[in-house]
Amino acid sequence: MSAETFQRSTIERLRVASSAGTLHARVIRPLLIRRRPLLVLHGISRNARELTQLFRKEAERTGRPVIVPHFKQKDWPHFQRPSAAARPDQAILELLNVIAATHPEYGRNFDVFGHSGGAQLAHRLAMLYPQRFGTVSLAAAGWYCLPDESMPYPYGLAPGEMKDAVDWIRRKRAGLDAYLRLPLRIYVGDEDIERDEALRTGAALDAGQGRTRRDRAHAYARAVRGAAERRGIAPDVTMTELPGCHHDVEQSITEGGLARLVTGPAPVGFGRTLS
């Protein structure tokens with residue numbers, strides 16, 4: 001085994017039913033648990049199996065359980081944003097409740113990471129349910145819901161033209177102080193500047209958040225810091241560019257070290273190599 005393999009892990013498969021629909025997931029379970037569990041959310045490529053393999057070594061290194069849901073296309077044609085048409089938030093909460101009930105040693109709070117469309121879902125989950133999350137790590141989201149009460153929903157928290165906006169705005173405003181107190185880690189490749197067909201565009205969005213994922217990541221970091229400071233909250237926000245990385249989660253992990261950055265250092269004293 002390599003010098004950096006500290007322990008082994010198993011992968012558990014789950015299928016959880018909720019009022020919103022059925023959600024499948026893989027759970028990486030290190031032999032020894034030393035850190036808060038991490039929820040890892042895929043983007044529109046729905047590459048849950050790949051993310052499980054890419055995060056497995058880091059789960060073993062840190063003693064951190066990693067939960068990787070899979071929003072299957074046939075069950076979840078849309079999952080990036082909770083709405084009247086789709087409630088991925090309810091499915092995720094039920095998944096976390098089942099895991100917390102069957103593994104009480106994990107606790108009820110989870111860190112969350114998402115890449116691209118997964119980052120869109122991750123920050124919206126944490127805005128709606130800040131009491132369930134710790135560190136929020138967002139990589140290369142296409143666009144964001146800014147904590148800005150002058151920008152119309154879903155790009156901000158002001159009333160807009162969407163019919164179901166009022167309730168979502170109310171809920172996100174109600175939890176905003178708690179959300180702004182969470183540690184927020186934002187990542188993007190310094191080469192993630194393509195305006196590809198998967199990137200949402202439009203005059204208002206481009207003007208308010210920027211034209212590329214890199215620009216929008218920086219805009220979101222500034223918006224969260226500014227919103228926190230205006231409310232008298234000390235922001236805990238970092239913005240990290242991954243050198244040479246494009247809009248590719250595998251490259252960001254294997255070349256940019258993204259999974260290691262997200263999972264963090266191994267606990268002190270947790271470092272014997274298995275023979």
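We use all heavy atoms of the structure for the numbers below, so side chains are in, but hydrogens, waters and symmetry mates are not. As the structure is a prediction and not an experimental result, all values here were calculated from the model.
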Tell me the side chain to side chain donor-acceptor pair (under 3.5 Å) pairs involving residues 219-242, sequence neighbours left out? Glu149-Arg231, Asp177-Arg231, Tyr179-Tyr220, Arg185-Asp236, His218-Glu241
Is there a donor-acceptor pair closer than 3.5 Å between any side-chain N or O of Gln251 and the backbone N or O of Gly244? yes
Can you get from Val68 to Val27 by hopping between Ile, Leu, Val, Met, Phe, Trp and Tyr side chains that sit under 4.5 Å apart? no
Does Glu161 have more than 12 heavy atoms from other residues, nucleotides or ligands lying within 6.0 Å of its CD? no
Would you say Arg26 and Glu12 make side-chain contact, with heavy atoms under 4.5 Å? no
Is it true that Leu14 and Leu125 fall in one hydrophobic cluster, defined by side-chain heavy atoms closer than 4.5 Å? yes
Would the number of heavy atoms belonging to other residues, nucleotides or ligands and lying under 6.0 Å from CZ of Arg173 be above 12? yes
Compare all side-chain heavy atoms of Ile67 with those of Val40 and state whether any distance is below 4.5 angstrom. no
Return the CG to CD distance between Asp89 and Glu94, rounded to the nearest 0.5 Å. 12.0 Å
For residues Leu182 and Pro130, determine if any side-chain heavy atom of one lies less than 4.5 Å from a side-chain heavy atom of the other. yes
Any chance you could measure Thr212, atom OG1, to Leu199, atom CG, to the nearest 0.5 Å? 8.0 Å
So do the side chains of Pro159 and Val166 get within less than 4.5 Å of each other, counting heavy atoms only? no
Minimal non-hydrogen separation, Leu128 against Trp168, with atom names: CD1-CZ3, 3.7 Å
Once rounded to the nearest 0.5 Å, what's the spacing between atom CG of Asp196 and atom NE2 of His246? 12.5 Å
Would you say Leu258 and Tyr187 make side-chain contact, with heavy atoms under 4.5 Å? yes
Verdict with reasoning, Arg29 to Glu105, per salt bridge (charged side-chain N to carboxylate O under 4.0 Å, His left out): CA-CA 12 Å; Arg29 299 192 63 218; Glu105 69 275 17; 3.8 Å; yes
Would a 4.5 Å heavy-atom cut-off, applied to side chains only, mark Leu157 and Asp148 as touching? no
Can you tell me how far OH of Tyr144 sits from CE of Met151, rounded to the nearest 0.5 angstrom? 13.5 Å
Got a donor-acceptor contact below 3.5 angstrom from the Arg171 side chain to the Tyr129 backbone? no
Near-ring test His42/Phe79, centroid separation under 6.0 angstrom: yes
Specify the closest pair of heavy atoms between Gly156 and Cys145, including all atoms of both residues, with the distance to one decimal. O-SG, 3.8 Å
Testing the basics here: between Pro30 and Ser9, what is the closest heavy-atom pair and its distance to 0.1 Å? CA-CB, 3.9 Å
Considering all heavy atoms of both residues, which atom of Glu250 and which atom of Asp248 are nearest to each other, and what is their separation? N-OD1, 3.0 Å
Stepwise salt bridge (charged side-chain N to carboxylate O under 4.0 Å, His left out) test for Glu60 and Lys57: CA-CA 5 Å; Glu60 294 171 346; Lys57 183 176 77 171; over 6 Å; no
Does Ser19 reach the side chain of Gln90, with side-chain heavy atoms less than 4.5 Å apart? yes
Show your reasoning for whether side-chain contact (heavy atoms from CB on, under 4.5 Å) applies to Arg13 and His24. CA-CA 8 Å; Arg13 301 287 292 270; His24 297 256; over 6 Å; no
Set out, in order, the CA-CA distance, both residues' side-chain angles and the distance that settles salt bridge (charged side-chain N to carboxylate O under 4.0 Å, His left out) for Asp206 and Arg195, then state yes or no. CA-CA 11 Å; Asp206 291 352; Arg195 283 171 64 85; 3.0 Å; yes
Close side-chain approach of Leu138 and Leu184, heavy atoms under 4.5 Å: yes
Taking only Lys NZ, Arg NE, NH1 and NH2, and the carboxylate oxygens of Asp or Glu, determine whether Arg213 and Asp192 approach each other closer than 4.0 Å. yes
If hydrophobic clusters are built from ILVMFWY residues whose side chains come within less than 4.5 Å, do Val188 and Ile193 share one? no
Do side-chain atoms of Arg132 reach the backbone of Arg108 as a donor and acceptor pair under 3.5 angstrom? yes
Answer yes or no: is there a donor N or O on one side and an acceptor on the other, between the side chain of Asp75 and the main chain of Leu23, under 3.5 Å? no
Evaluation steps, salt bridge (charged side-chain N to carboxylate O under 4.0 Å, His left out), between Asp167 and Arg170: CA-CA 5 Å; Asp167 185 54; Arg170 178 187 59 80; 2.4 Å; yes
Give me the atom names and distance for the closest heavy-atom approach of Pro69 to Ala25. CA-CB, 3.8 Å
Can you tell me how far CH2 of Trp76 sits from CZ of Arg87, rounded to the nearest 0.5 angstrom? 9.5 Å
Decide whether Tyr155 and Val224 are clustered together by the hydrophobic rule: side chain heavy atoms of Ile, Leu, Val, Met, Phe, Trp, Tyr closer than 4.5 Å, transitively. yes
Which value, rounded to the nearest 0.5 Å, describes the distance between Ile253 atom CD1 and Gln53 atom CD? 11.5 Å
same_hphob_cluster(Phe133, Val66) at 4.5 Å side-chain heavy-atom cutoff: no
Listing, residues 110-121 side-chain donor-acceptor contacts under 3.5 Å, not counting sequence neighbours, or none:
residue: Asp111; atom: OD1; partner: Arg36; partner atom: NH1; Å: 2.9
residue: Asp111; atom: OD1; partner: Thr135; partner atom: N; Å: 2.8
residue: Asp111; atom: OD2; partner: Arg64; partner atom: NH1; Å: 2.9
residue: Ser116; atom: OG; partner: His247; partner atom: NE2; Å: 2.9
residue: Gln120; atom: OE1; partner: Arg124; partner atom: NH1; Å: 3.3
residue: Gln120; atom: OE1; partner: Trp143; partner atom: NE1; Å: 3.2

Here's a test for you: under side-chain contact (heavy atoms from CB on, under 4.5 Å), which of Leu39, Asn97, Val16 qualifies with Ile92? Leu39
Scan side-chain atoms only and decide if Thr62 and Arg34 contain a donor-acceptor pair under the 3.5 Å cut-off. no
Looking at Ala48 and His70, what are the two nearest heavy atoms and their distance? CB-CB, 3.8 Å
